[in-house]
Amino acid sequence: MINVTKTYLPDKNIYMKYIDKIYETGWVTNNGQFAKQLEKELKDYLGVRNIILVSNGTLALQVAYKLLNLSDGVITTPFSFVATTSSMVWEGLKPVFVDINKDSFNIDCAEIESKISNTISAIVPVHVFGNGCDVEEIQKISRKHNLKVIYDAAHAFGVKYKEKSILNYGDISILSFHATKVFHTIEGGALIINNDDLYERAKLMINFGIKGPEKIDELGINAKMNEFQAAMGLCMLNSMDEIFKNRKAVYEIYANAFYNRNDVKLQIHNLNCNYNYSYFPIVFETEEKLLKVKRTLEKNNIYARRYFYPSLDTLYYLNNEHLKVSNSIARTILCLPMYDSLDNKTQYKIIKLVLECLT
Ligand SMILES: *Cc1c(COP(=O)(O)O)cnc(C)c1O
């Protein structure tokens with residue numbers, strides 16, 4: 001069975017060396033040695049000022065909203081994983097959707113200002129499928145209107161904008177280290193925070209607001225990463241060169257097969273960014289074609305996924321006008337299996353099956 005992704009698992013013996021150490025010390029969570037080490041290594045690897053590891057990406061979003069004291073409306077994109085929106089609603093915020101650009105699949109910057117009113121406190125864009133947003137334009141808009149910016153960078157591990165980490169843009173960026181992401185810690189995530197004071201407060205917030213054994217300085221929650229997760233992250237980090245190299249090779253085979261066809265459309269990447277080869281989305285002319293491709297692959301035990309469907313403006317717990325481009329893309333986009341160990345033979349079979357459906 002071939003799924004849309006396959007979790008990279010490091011050499012078991014290497015992982016076990018870390019586990020042995022955890023057993024030796026008996027320290028399993030609460031900012032242990034591996035969490036500290038991973039934080040430091042990631043900070044250097046990514047090229048960011050401050051990073052805090054957390055237990056998942058959704059909590060990273062929730063902590064970010066609280067930390068920046070968001071209220072009322074938040075401008076965001078309807079074309080994302082549901083957590084971008086559900087985390088806002090969970091925190092009592094109201095998502096205000098701006099449609100996406102038909103080529104980048106990211107929030108359409110030209111549409112943002114028309115949705116800004118005095119109830120809007122922030123913008124939460126997503127670098128969808130690892131494609132960098134127009135961060136300079138978003139910075140301009142947010143400064144002009146005095147709005148906070150939190151990037152949902154769950155897909156953007158390793159992405160640089162003009163040679164520097166894209167995670168440095170906005171007030172906060174969040175990462176997800178879920179097992180389906182390019183870099184993972186089984187479950188996990190991180191907050192990247194530019195401002196040092198906010199960073200200090202966030203460290204307390206993710207641990208119940210506890211400052212010392214008998215001192216509570218913040219309203220907090222439990223969002224800590226444990227040592228088993230951090231150990232997985234340390235193993236992963238050693239393999240990232242190899243993972244990116246293999247993903248790039250897989251990506252290029254797909255790209256060569258599908259670019260320049262007028263019956264399918266590929267995501268157009270931001271030319272100021274490198275790409276992290278995290279997903280391979282392909283847009284068909286109609287939903288019928290997509291369903292035909294999906295069913296054909298399934299008959300061959302290959303499970304592509306409709307990322308992202310449905311468009312989040314249609315969520316039943318919201319009452320929103322439906323946005324045209326996002327709904328149209330959501331109906332016709334399919335992510336093909338994409339991971340470092342996808343073998344050539346399987347990949348050529350996937351391509352052949354897709355192309356047969358198109359003729
Ligand atoms: C995966 C993902 C999240 C949530 O991260 P978890 O670690 O699974 O909680 C948030 N936003 C986007 C865009 C994602 O893809």
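This chain uses plain numbering: 1 for the first residue, then up along the sequence. Both ligands and their constituent atoms are indexed starting at 1 by order of listing.
C109 approaches E137 most closely through the heavy-atom pair CB-CG, 3.7 Å.
In this structure, Y254 has no side-chain hydrogen bond (donor to acceptor under 3.5 Å, both in side chains) partners at least two apart in sequence or on a different chain. The salt bridge (Lys or Arg N to Asp or Glu O under 4.0 Å) check on D20 picks up nothing, with sequence neighbours excluded.
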Are any protein N/O atoms closer than 3.5 Å to the N/O atoms of ligand 1? If there are, list each pair with names and the distance to one decimal place.
unit_1, atom_1, unit_2, atom_2, d
ligand 1, 5 (O), S176, OG, 3.2
ligand 1, 7 (O), G57, N, 2.8
ligand 1, 7 (O), S176, OG, 2.7
ligand 1, 9 (O), G57, N, 3.3
ligand 1, 9 (O), T58, N, 2.9
ligand 1, 9 (O), T58, OG1, 2.6
ligand 1, 11 (N), D152, OD1, 3.3
ligand 1, 11 (N), D152, OD2, 2.7
ligand 1, 15 (O), H155, NE2, 2.7
ligand 1, 15 (O), K181, NZ, 3.2

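The other residues sharing a hydrophobic cluster with L70 are I52, V54, L59, L61, V63, Y65, L67, L68, V74, M88, L93, V124, I150, I172, I174, L191, I193, L198, Y199, M205, I206, I221, where clustering joins ILVMFWY side chains under 4.5 Å apart.
The side-chain tip of K140 does not point at the ring of Y169 from less than 6.0 angstrom away and within 45° of straight on.
A donor-acceptor contact under 3.5 angstrom links the side chains of H178 and T180, judged on distance only.
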